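The chains referred to below are lettered A, B, ... by the order of the sequence lines, with proteins before strands, and numbering in each begins at 1. All of these numbers come straight from a predicted model, not from anything done at the bench. Note: hydrogens, waters and symmetry copies are ignored here, and every other heavy atom, side chains too, is used.
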Amino acid sequence: MADMDVKIEDKEERRDRGGGGGGGGGRGRSNGNNRKRRYDDEDDNQYDRRGPPQRRRRDDGPPPRRRYEEPPLAKLRRMLLNVASSTQLPQDEVTYIAKTLGENFDDEELRSQFFDILVQLIIEQPFKIPFVAAVAFYGNDVKPEITVEAIKRVAARTQEALNAGQWTEFKLMLRFLACLQSLYQDTGIFVFLGQLFDTVVDLQSANENDVVGIELVKIILLTIPYALVSGGSRFHEQAAELLKNTGIVASNVLPMEGLIHSYVRDSEETPISYLSVIGLLQTQLTNEAQSGWTFACIPRFDANALQMTADEEALPSAPPTHLFPTFTIPSPVNPGPKPLFPEAYFSLFADQDIETVPKTTDVAASLIRDAIVDTIDQMDFNREVVAKFLVDLDCYWSLETFAKRGIPFDKFRELVGDKILWKSEDMVIDAIFSQLLKLPSPEHKLVYYHSLITQSCKVAPAAIAPSLGRAIRCLYRSLHIMDLELVNRFLDWFSHHLSNFEFRWRWTEWVEDLHLPNLHPKKAFVIAALDKEIRLSFAKRIRSTVPEEMHPLIPERLDEDNSPDFKYDNVDTPFAAEGQTLLVQLRKKASTEDTQETINSIHEKAAQLGIADPLVPSTDAFVTAICRLGAKSLSHVLSCIERGKERLLKIAESSPAARRQIVASVVEYWKDQPGVAVRIIDILLNYTILAPITVVQWVFGDHMGAGEALTESWVFEMVANTVAKVTKRNRQIAVARLQKGLPQEQVEMVDATLTKDRDASRELFKYIEDAVKGVAEGASDRLIEKESSGELSAESAELIRNWGRRWHTVFVRKAQVEESVVGEDAVEARIRLLAAEPESAPEPMQVEGNGVTKAEVEANGDDEML
Amino acid sequence: MPAIRSTIERLDKPSSYASAKVRIPLSIQKRRPRRNDDGEPSPEPEDKLKDATTLYVGNLSFYTTEEQIHELFSKCGEIKRLVMGLDRFQKTPCGFCFVEYYTHQDALDCMKYIGGTKLDERVIRTDLDEGFAEGRQYGRGKSGGQVRDEYRNEYDPGRGGFGRAVDEYGEERDYR
């Protein structure tokens with residue numbers, strides 16, 4: 001850690017000299033104004049008239065050098081943004097900031113900008129909240145107006161977040177206020193936490209499936225620790241009281257929670273049993289209460305630090321206390337823009353023999369996790385900075401929280417000794433994976449978490465990479481009991497990650513699993529991972545990165561860089577001549593009549609052969625020809641589809657078997673590169689040549705066999721993509737319905753569309769559920785047949801049933817999630833909420849205005865008191 | 001109230017090149033005052049990119065295929081259109097492309113999550129783009145590819161070896 005910090009310090013130094021302003025990522029665009037202002041300031045300084053501070057002058061000028069005085073705002077900005085991220089003692093930093101702010105408090109511009117930064121810092125950099133709050137805390141000693149203003153500004157933003165249902169922001173603002181608990185009169189924040197809990201009771205008694213209440217309980221429970229660290233033992237009783245109340249809600253289990261387990265529910269091998277975030281917090285806080293509410297990981301500050309160092313500048317003898325701001329909890333509570341779901345606590349490293357992360361019974365697990373996750377999710381717009389913060393995790397917690405960075409896992413216990421210290425890299429990786437594998441859906445696009453892991457590996461490869469390796473092994477070990485959607489997220493991440501690191505992975509350790517049947521989840525994973533790697537690269541390259549034992553898993557044909565064979569080139573293929581003719585006709589853009597003639601010829605021959613639906617072989621020939629002609633690239637196939645669009649649409653209209661054949665032909669042509677097939681099917685869906693149900697019917701009706709197809713990751717991908725297309729559209733329609741002031745005729749139109757599409761989506765889900773349920777329960781005819789005939793061993797059949805069960809869980813969940821977002825009840829609830837909103841929905845700016853007014857009343861009260 | 005600044009830089013801002021490109025050309029600026037007739041300031045250059053759904057993607061290998069690009073870029077959202085950058089004369093890929101999404105948000109996410117990561121083992125560059133127009137798919141270098149590949153001194157096997165001008169003039173390159 002020391003080494004790292006020295007480096008950071010160096011950078012900080014350089015930044016100062018360069019006159020760059022905000023550091024710690026405060027570089028770039030955001031500096032523009034600062035720098036300009038600083039130059040202006042310089043104009044007042046006669047010695048610096050010739051221009052901005054030049055490093056050169058400092059370098060070549062002999063001593064005594066004239067030191068460039070950094071203007072106060074720039075300095076405050078830089079110090080606040082970088083608080084706690086250098087080797088300096090955070091307490092020294094924050095007291096210095098408070099004093100400097102006090103000295104310049106008359107500067108209105110400076111004051112306004114300082115508090116802008118403060119509020120923004122709370123939202124964007126949650127790690128720094130205790131430190132930022134400490135500035136306001138010491139500010140009370142320096143100049144109580146600092147504290148008043150800080151509370152006022154944060155309170156305004158808190159109210160705004162509460163009104164808008166922006167729960168993360170609300171939680172973070174409240175945390176800042178909690179960190180000042182020792183400065184409030186009476187019970188301070190606990191009155192408000194009590195009010196929040198009353199709201200929870202109302203919400204829960206009105207709706208047993210309420211999730212907003214759960215969110216609020218989470219916020220209450222995550223606020224208590226910070227309030228107690230600041231407020232001390234005189235609030236223990238209030239905290240205990242509150243905790244007694246939240247117990248009922250926290251232990252309640254919602255039906256939805258049954259569907260968001262990371263691992264198969266009843267498995268004995270599960271690495272971590274299901275823990276709801278609030279249930280866990282409740283237990284942890286109860287434990288913490290028994291051990292005297294220590295919250296050891298939260299950084300502390302000496303309340304008397306300023307009083308002791310106070311010299312002749314006499315500080316006010318008894319710094320004033322303040323009223324905790326009053327907030328209005330809107331009724332009805334705005335659930336916010338994003339659908340809420342209960343949350344599970346997920347960890348890869350918790351509760352193992354060697355304790356590298358807090359035990360799940362320790363409140364530190366939740367506190368640190370919560371802050372890491374917010375850091376990740378609030379700053380998705382700069383993964384480089386997030387990665388740096390995560391690597392510096394130990395800077396932002398109590399000194400005795402983490403072990404030295406980068407201690408190898410095998411030496412961890414030996415080097416750390418008896419003390420309980422955690423491995424920061426493990427906690428970071430654990431937290432990122434908890435988001436990557438969050439059910440039902442992650443906060444940001446999955447690829448964000450991919451790129452964040454990549455970035456973290458770049459920032460601190462020696463420390464992060466080994467933790468990552470252990471995470472991968474841990475997930476791989478549990479593949480057979482992991483939720484299938486999560487398996488696919490893991491797969492997608494794994495292959496993408498390797499593509500950023502020369503595809504380096506110790507595959508040899510998985511070679512022993514190659515003897516397993518392809519139906520086995522581990523073998524299926526390896527096959528799928530290679531396919532995904534090839535998609536991002538090419539077969540020859542990937543072959544060169546894996547041990548020879550794995551080469552048979554990569555089709556040899558792919559090494560030659562040419563298009564898949566056109567089966568009609570083989571004269572033994574039925575309808576070979578017609579197939580070849582169709583290819584020529586497509587290439588030469590022959591007339592519809594000429595093409596029809598070829599197709600008719602197939603129909604005639606098919607009829608002679610007694611084929612029930614002659615449209616099937618002709619569709620096969622036509623679609624295969626399109627694939628062959630379009631094999632060069634996706635653009636090529638796109639223009640071929642365009643060319644054959646009319647005919648394809650007609651085929652799809654006229655025969656169910658033929659429209660499924662469209663899917664079949666694409667998949668067959670691209671059998672060695674299923675990724676391409678998946679893309680082409682996607683294109684066909686967009687052209688509405690294929691209906692979503694057709695794809696699903698082909699998968700489960702024609703392709704599934706006895707259930708073997710359920711093991712192929714591309715099949716899952718194809719079905720999941722198809723379902724996602726449908727649900728995305730439905731959500732768009734629902735959003736359209738929820739516009740304010742929609743004219744009645746449009747309301748009716750949108751409602752009609754929504755009803756129709758909702759039913760179609762339910763039909764789709766039902767079809768999938770029924771099909772995989774048959775496999776899961778072993779009721780599928782083909783599965784029974786194959787097992788009883790001995791074609792499938794009992795072991796294989798059980799593997800297949802297991803796949804069926806995992807498919808079933810995924811799609812039941814997806815269906816439930818959609819019901820909770822676009823179902824009749826969900827949409828109607830949103831409509832009622834919309835109607836309850838004030839007529840002229842306030843602009844964001846006005847919302848703040850309102851909030852400020854309210855807070856100002858409070859602050860005025862305070863002023864009088866001063 | 002001015003827009004709230006982030007405490008850290010954002011990765012989803014257009015480059016200075018992209019911003020400069022959409023700025024009103026000087027010739028027009030001269031004819032027109034900086035302010036519109038009704039006294040409103042003319043729109044900020046970045047405004048033209050404020051709904052951008054297209055990205056310019058650079059530093060691709062000449063051998064990277066559409067399928068590879070699709071595989072990576074569709075992680076940020078459905079791709080509406082992909083236009084490969086081609087050598088003006090040979091009509092072969094010359095190391096860049098345009099990726100068009102359906103929404104602005106997808107394009108921004110791509111800037112944040114994909115720009116600066118690797119595709120085909122090369123770190124690729126993404127930039128917001130005002131939108132593809134016919135003709136822009138061709139390299140503007142003298143020999144048909146991208147200008148940056150004309151004078152490159154380093155050997156880059158993924159982009160045709162040495163710079164083409166270097167190939168042509170060999171030792172003389174330093175004097176030209």
**Q.** Ile8(B) CD1 to Glu384(A) CD distance, which is reported to the nearest 0.5 Å
**A.** 9.5 Å
Q: Mark yes when over 12 heavy atoms from residues, nucleotides or ligands other than Lys540(A) sit less than 6.0 Å from its NZ; otherwise mark no.
A: no
Q | Heavy atoms from other residues, nucleotides or ligands near NZ of Lys632(A) exceed 12 (cutoff 6.0 Å) | A | no
Q.
Counting heavy-atom pairs under 4.5 Å with chain B, which one of His444(A), Gln120(A), Lys728(A), Arg679(A) comes out on top?
A. Arg679(A)
Q) Is there a side-chain contact between Ser6(B) and Glu124(A) (heavy atoms, below 4.5 Å)? A) yes
Q: For chain B, find which of Leu536(A), Val119(A), Leu452(A), Asn686(A) contributes the most heavy-atom pairs closer than 4.5 angstrom.
A: Leu536(A)
Q: With a 4.5 Å heavy-atom cut-off (strictly below), which parts of residues 108-122 of chain B touch chain A? List them by number.
A: Asp109(B), Met111(B), Lys112(B), Tyr113(B), Ile114(B), Gly115(B), Gly116(B), Thr117(B), Lys118(B), Leu119(B), Asp120(B), Glu121(B)
Q: Please say whether more than 12 non-hydrogen atoms of neighbouring residues, nucleotides or ligands are located less than 6.0 Å from CZ in Arg140(B).
A: no
Q) Under a 4.5 Å heavy-atom cut-off, does chain B meet the side chain of Arg383(A), its backbone, both or neither? A) both
Q. Measuring heavy-atom distances to chain B, does Ser633(A) have an atom under 4.5 Å in its side chain, in its backbone, in both, or in neither?
A. both
Q) What part of Phe503(A) is in contact with chain B, defined as an atom under 4.5 angstrom from a non-hydrogen atom: side chain, backbone, both or neither? A) side chain
Q.
So, using salt bridge (Lys or Arg N to Asp or Glu O under 4.0 Å) as the criterion, who are the partners of Lys725(A) when residues are at least two apart?
A. Asp682(A), Glu78(B)
Q. Short question: side chain of Asn382(A), backbone of Glu9(B) - any donor-acceptor pair under 3.5 Å?
A. yes
Q: Please look at Asp380(A) and chain B and tell me whether the side chain, the backbone, both or neither of the residue comes under 4.5 angstrom of a heavy atom of that chain.
A: both
Q: Identify which of Ile117(A), Asp492(A), Ile123(A), Val676(A) forms the greatest number of heavy-atom pairs closer than 4.5 Å to chain B.
A: Asp492(A)
Q) Looking only at heavy atoms, which of residues 59-75 of chain B get nearer than 4.5 Å to chain A? A) Glu66(B), Glu67(B), Gln68(B), His70(B), Glu71(B), Leu72(B), Ser74(B), Lys75(B)
Q.
Let's test your reading of the structure: which of Lys458(A), His450(A), Arg541(A) forms the most heavy-atom pairs below 4.5 Å with chain B?
A. Arg541(A)
Q) Counting heavy-atom pairs under 4.5 Å to chain B, which of His496(A), Gln673(A), Met379(A) comes out on top? A) His496(A)
**Q.** Residue list, salt bridge (Lys or Arg N to Asp or Glu O under 4.0 Å) with Glu100(B), at least two apart or on another chain
**A.** Lys80(B), Arg81(B)
Q. Checking heavy atoms, do the side chain of Leu446(A), its backbone, both or neither come under 4.5 Å from chain B?
A. neither
Q: Give, for atom CG of Asp116(A) and atom OG1 of Thr7(B), the distance between the pair rounded to the nearest 0.5 Å.
A: 12.5 Å
